[in-house]
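Reviewing the structure listed below.
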Amino acid sequence: MARYNAKTTEAKWQAAWAEAKTFEAAEDPDRSRPKYYVLEMFPYPSGRIHMGHVRNYAMGDVVARYKRARGFNVLHPMGWDAFGLPAENAALEKKVHPAKWTYENIDNMRDQLRAMGLSLDWSREFATCDVEYYRQQQKLFLDLHKNDLAYRRESWVNWDPVEHTVLANEQVIDGCGWRSGAPVERRQLSQWFFRITAFQDELLNALGDLERWPEKVRLMQANWIGRSEGARLRFTVKGREAEGQSSEIEVFTTRPDTIFGASFLALSPDHPMTAQLAAENPAVADFVAECRRLGTSEEVIEKAEKLGFDTGLRAAHPFLDDVELPIYIANFVLIDYGTGAIFGCPAHDQRDLDFARKYGLVVLPVVIPDDIDSIEFSVDKEAYVGPGSLANSQFLDGMSIEQAKSEIAGRAEAGNFGTREIMYRLRDWGVSRQRYWGCPIPMVHCEGCGVVPVAETDLPITLPDDVTFERPGNPLDDHDTWGKVACPSCGKPARRETDTLDTFVDSSWYFARFCSPRAEQPLDRTAVDYWMPVDQYIGGVEHAILHLLYARFFTRGIETCGHIGVSEPFSGLFTQGMVCHETYRDDAGNWLEPTDVDRKADGRVIRTDNGVPVNVGRSEKMSKSRKNVIDPEDIIERYGADTARWFMLSDSPPERDLEWTDGGIEGAWRFTGRIWRIIEESAGALPAPGQPVPAQFDDNALALRRLTHQAIGAVTDGIERFQFNVSVARLYELANALGSFKAGDDDTGGRWAQREAIETLVVMISPMMPHLAEEAWLTLGQSGLVANAPWPVAEPALLVEDTITIAVQLNGKMRATLEIARDQPEDEVRAAALALEKIEQAVGDKDVRRVIVVPNRIVNVVV
RNA sequence: GCCCCUGUGGCGGAAUUGGCAGACGCGAUAGAUUCAAAAUCUAUUGUCCUUAGGACGUCCCCGUUCGAGUCGGGGCAGGGGCACCA
């Protein structure tokens, strides 16, 4: 018997699918088959696929192949998220042009993906750095600009004062530039923005309709958009009226009810009044400069120690004539949220409390939990943010929080010093990047005409090839000729916009472009109207907020421009977990690769080269820095793609992290061998394909048929519910049953049932192990590809057992089981349960108080 | 700091969503086969108690219920995101 040769077999079937164009999709004008668009998040072409990709694409391929088998017209494309920082880093480190580096990486990764045997329509492939793609993106940018959805304004960036470069957050390490080591500064720059806030309500409300999205992703997005109802209150600053300076501070608060607990106001270091004060007072300027050294990330700002600067100014309390509130500048007040100024109520906000304790400010509780006396209640180290009623608040005393909020807002509106307001945390999307390897923004700066869009007929604005990465900063700024153009409006010399677009823009519409990848316009309406939205989108949960929110916005944006007819790009979303591996370090703390260590039978782990014991660390996400990576190419080379895919799908639930183990991949490998043995050993003895159902089956054959049809139900259900690990377990069971099934030569019923079971098994493993399935299909005497075979349908009669075993509990504890016919009347089940020897014994002479009978499930006897 | 998620045998996990906890896989142990090994096959495998059998058992504490891995409250631990990594 020939051993299954994964390598040659897989290559053979990959060629066969390509030859037959099995996976090339086309619109189906009469819609005889329902369409199904399944998409995995496209990869960044780093050069090699990693296990995360293998997992992601294995899952997507299961869905794609399964839906094909269920009769859907499936679109399953692939492309490359090809712009971005790593190519520029490579250019700097390896002296390779980003384009060359990127396209070589793509060639390499395409080969790797092809070796996985994915049911992809490669005819639609493109990279976002293809001129054809970014040319269309420039067209979309112009349209968004026309519709006032793209605009320009000042905003803050991380600035490296040594390299004169804008830094990405990941390039800021402990507040310093990653290359220069110089402390990073926050700086203002004029930049391009997309008006995502124009859709903030819609983006929030539409989350409710995304029923096939994980609840947690919808929640995270809702929190990100951060709609909150509150009030804008105006405070008068004492003693500044005369100087012609701004004499009012507007704060936004979600807790106007706590106004009587206010003990200070705080301005953001970037607030306009702060700037005025800094001009007057060098100490303020110093403090602001110190704050700006923190960088732009919210995480860093919120984690930093709360620092404030007392400006010496005082504001009048709007309801208390004799109270003045000190005005601070505080490093934790964000300019981008609300009005850039707050009133601090330390008793009911943790940040305010930390701040008040540090600067010795009053902490007065004004909301008292309902079960505590207001005199006894005090706030020490933890602010009280729970429910309660108002106290120490004059006319608010005794009110609920909601009543008090409304009361204050009403009085503020009546007194003309405030308004009710709904505020969003969401900020407009800054899309400008001062980098080379991105989509050029098709705009021109003219001294006379201002910012002028490039004419559509002048697109594409292509990136120049002859750039150097020696000098810090944006190479496009340094280019001799590229930036010099005639103004599209007046024709006078002008300069090109040198900012390029955030790569999140590229990934905000690629899914739509896949519908018509070669169209002359960004999107062909016939094609997008047919295919969109994506029915099932699959990718890492790390994209739960930004990428998915941007894509949802962008789709609405281009809908406004008439390019697409849907507002939601992804009707179904699945977020998969990461691939992890244990980590190894030597005694010096250096990371070791899995290939450098050996696990002995007694459990010891040693270095392969010198036998020195290794410290085994926790399993963590595979990453180059921890060296705990397994290269998919090595795995596919050694075991084949089917085995790798099978392992990715077994054991771990898809949404959870997967632990890579040698044992796991070996197990998957043995299973491919077992399937092949079952096929080879039985194929010759089976009846020909397509024989009519025999009239008689013996118990043995009937049991196999039952199991087969139950497996159909369970495997199908598992795939539908994204529980591939459960489907895999059921397939193991079916294979186990087949492995031990024996039928006599003249047992036609048994032989028929055996073929039915084997064919069912082969079709159901085909989405997971497509190559092995094709080879098995051929060996079973079938003509045509299993890729085109229909999914099996379970016979309802074979799904249910006649006799069932139900559990019998005594006071909730399992005491016995009862074999009984299905669907018996309650009385009979009760009587049968009470008559059980074990139950009779256990009950003894105690009173049976109650008997709970759950049909076909359980009986609980309560004594 | 803020938001979100996860926690079940030696390990990955299952549990029809409140009804027999541990399906299936890995590992381990014993046996068969083999000159030997690999591969394969068979059996056992949550913990504890000496056995028939029983007690305990889903991160910890408290609660709801005839009944809780599942529901509620409070903790602990690990992970993801935080707007210029993708």
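In what follows, chains carry the letters A, B, and so on, assigned in the order in which the sequence lines appear, proteins first and then strands, with residues in each chain numbered from 1.
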Along RNA chain B (nearest heavy atom to each residue), the more 5'-positioned of A:Ile806 and A:Thr661: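 Checking each residue's closest nucleotide, the 5'-ward one belongs to A:Ile806.
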Residue met sooner reading RNA chain B from 5', once A:Ala729 and A:Val726 are mapped to nucleotides: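 Closer to the 5' end of RNA chain B: A:Val726.
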For [X], which contact category applies under a 4.0 Å heavy-atom criterion: base, sugar-phosphate, or nothing?
{"X": "A:Pro653", "answer": "sugar-phosphate"}
{"X": "A:Val808", "answer": "nothing"}
{"X": "A:Phe332", "answer": "nothing"}
{"X": "A:Asn736", "answer": "sugar-phosphate"}
{"X": "A:Lys303", "answer": "base"}
{"X": "A:Ser507", "answer": "nothing"}
{"X": "A:Val854", "answer": "base"}
{"X": "A:Gln723", "answer": "sugar-phosphate"}
{"X": "A:Gly430", "answer": "sugar-phosphate"}
{"X": "A:Arg730", "answer": "base"}
{"X": "A:Asn860", "answer": "base"}
{"X": "A:Glu299", "answer": "base"}
{"X": "A:His547", "answer": "nothing"}
{"X": "A:Arg656", "answer": "sugar-phosphate"}

Watson-Crick or G-U wobble partner of [N], both distances under 3.5 Å:
{"N": "B:A83", "result": "none"}
{"N": "B:A38", "result": "none"}
{"N": "B:A14", "result": "none"}
{"N": "B:G69", "result": "none"}
{"N": "B:A77", "result": "B:U6"}
{"N": "B:G27", "result": "B:U45"}

What is the distance, rounded to the nearest whole Å, between atom [atom1] of [X] and atom [atom2] of [N]?
{"X": "A:Arg425", "N": "B:C2", "atom1": "CZ", "atom2": "C1'", "result": "8 Å"}
{"X": "A:Glu655", "N": "B:U6", "atom1": "CD", "atom2": "P", "result": "9 Å"}
{"X": "A:Trp159", "N": "B:C84", "atom1": "CH2", "atom2": "P", "result": "17 Å"}
{"X": "A:Asn223", "N": "B:G1", "atom1": "CG", "atom2": "C1'", "result": "15 Å"}
{"X": "A:Glu215", "N": "B:C5", "atom1": "CD", "atom2": "C1'", "result": "13 Å"}
{"X": "A:Arg815", "N": "B:C66", "atom1": "CZ", "atom2": "P", "result": "19 Å"}
{"X": "A:Asn89", "N": "B:C84", "atom1": "CG", "atom2": "P", "result": "17 Å"}
{"X": "A:Ile675", "N": "B:U40", "atom1": "CD1", "atom2": "C1'", "result": "15 Å"}

Please work out whether B:G9 sits syn or anti, treating a glycosidic angle within 90° of 0 as syn.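 Because its glycosidic torsion lies within 90° of 0, B:G9 adopts the syn conformation.
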Is B:U64 syn or anti, taking syn as a glycosidic angle within 90° of 0?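 Anti.
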If you take atom types as modelled and just measure distance, does the side chain of A:Arg435 reach the base of B:C84 with a donor-acceptor pair under 3.5 Å?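 A donor-acceptor contact between them is present.
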Under the 3.5 Å rule, do the base of B:C84 and the side chain of A:Gln191 count as making a donor-acceptor pair?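 Side chain to base: pair found, below 3.5 Å.
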[N] phosphate, OP1 or OP2, under 4.0 Å from [X] side-chain N/O:
{"X": "A:Asn725", "N": "B:A14", "result": "yes"}
{"X": "A:Lys813", "N": "B:C56", "result": "yes"}
{"X": "A:Arg433", "N": "B:C84", "result": "yes"}
{"X": "A:Arg427", "N": "B:A83", "result": "no"}

Between [N] and [M], how far is it from one [atom1] atom to the other, in whole Å?
{"N": "B:G25", "M": "B:G13", "atom1": "C1'", "answer": "8 Å"}
{"N": "B:G69", "M": "B:U45", "atom1": "P", "answer": "23 Å"}
{"N": "B:G54", "M": "B:C4", "atom1": "P", "answer": "46 Å"}
{"N": "B:U50", "M": "B:C11", "atom1": "C1'", "answer": "31 Å"}
{"N": "B:C71", "M": "B:C20", "atom1": "P", "answer": "16 Å"}
{"N": "B:G57", "M": "B:G63", "atom1": "P", "answer": "15 Å"}
{"N": "B:G10", "M": "B:G1", "atom1": "P", "answer": "34 Å"}
{"N": "B:U17", "M": "B:G74", "atom1": "C1'", "answer": "25 Å"}

Between [options], which nucleotide gets closest to the side-chain atoms of [X]?
{"X": "A:Arg670", "options": "B:G80, B:C20, B:C26", "result": "B:C26"}
{"X": "A:Tyr732", "options": "B:A23, B:G25, B:C85", "result": "B:G25"}
{"X": "A:Lys216", "options": "B:G12, B:C5, B:U16", "result": "B:C5"}
{"X": "A:Glu542", "options": "B:A86, B:U40, B:U17", "result": "B:A86"}
{"X": "A:Asp502", "options": "B:G79, B:C84, B:G19", "result": "B:C84"}
{"X": "A:Thr817", "options": "B:C66, B:C84, B:C20", "result": "B:C20"}
{"X": "A:Met578", "options": "B:G79, B:G1, B:A86", "result": "B:G79"}
{"X": "A:Asp657", "options": "B:U17, B:C84, B:G79", "result": "B:G79"}

Is the A:Phe671 ring parallel, tilted or perpendicular to the A:Trp646 ring (thresholds 30°, 60°)?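 Because their plane-to-plane angle is under 30°, the rings of A:Phe671 and A:Trp646 count as parallel.
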Report yes if the distance between the aromatic ring centroids of A:Phe647 and A:Trp660 is under 6.0 Å, otherwise no.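 So the answer is yes for these two rings.
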Quick check, are the ring centers of A:Trp429 and A:Tyr550 under 6.0 angstrom apart?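 Yes, they do, as the ring centres are separated by less than 6.0 Å.
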Between [X] and [Y], is any side-chain donor less than 3.5 angstrom from a side-chain acceptor?
{"X": "A:Thr296", "Y": "A:Asn158", "result": "yes"}
{"X": "A:Glu582", "Y": "A:Asn628", "result": "no"}
{"X": "A:Asn105", "Y": "A:Arg48", "result": "no"}
{"X": "A:Ser727", "Y": "A:Tyr732", "result": "no"}
{"X": "A:Tyr4", "Y": "A:Glu680", "result": "no"}
{"X": "A:Glu93", "Y": "A:Asn89", "result": "no"}

What heavy-atom pair brings A:Pro475 and A:Glu88 nearest, and what distance separates the two atoms?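 Nearest heavy atoms, A:Pro475 then A:Glu88: CD-OE1, 4.4 Å.
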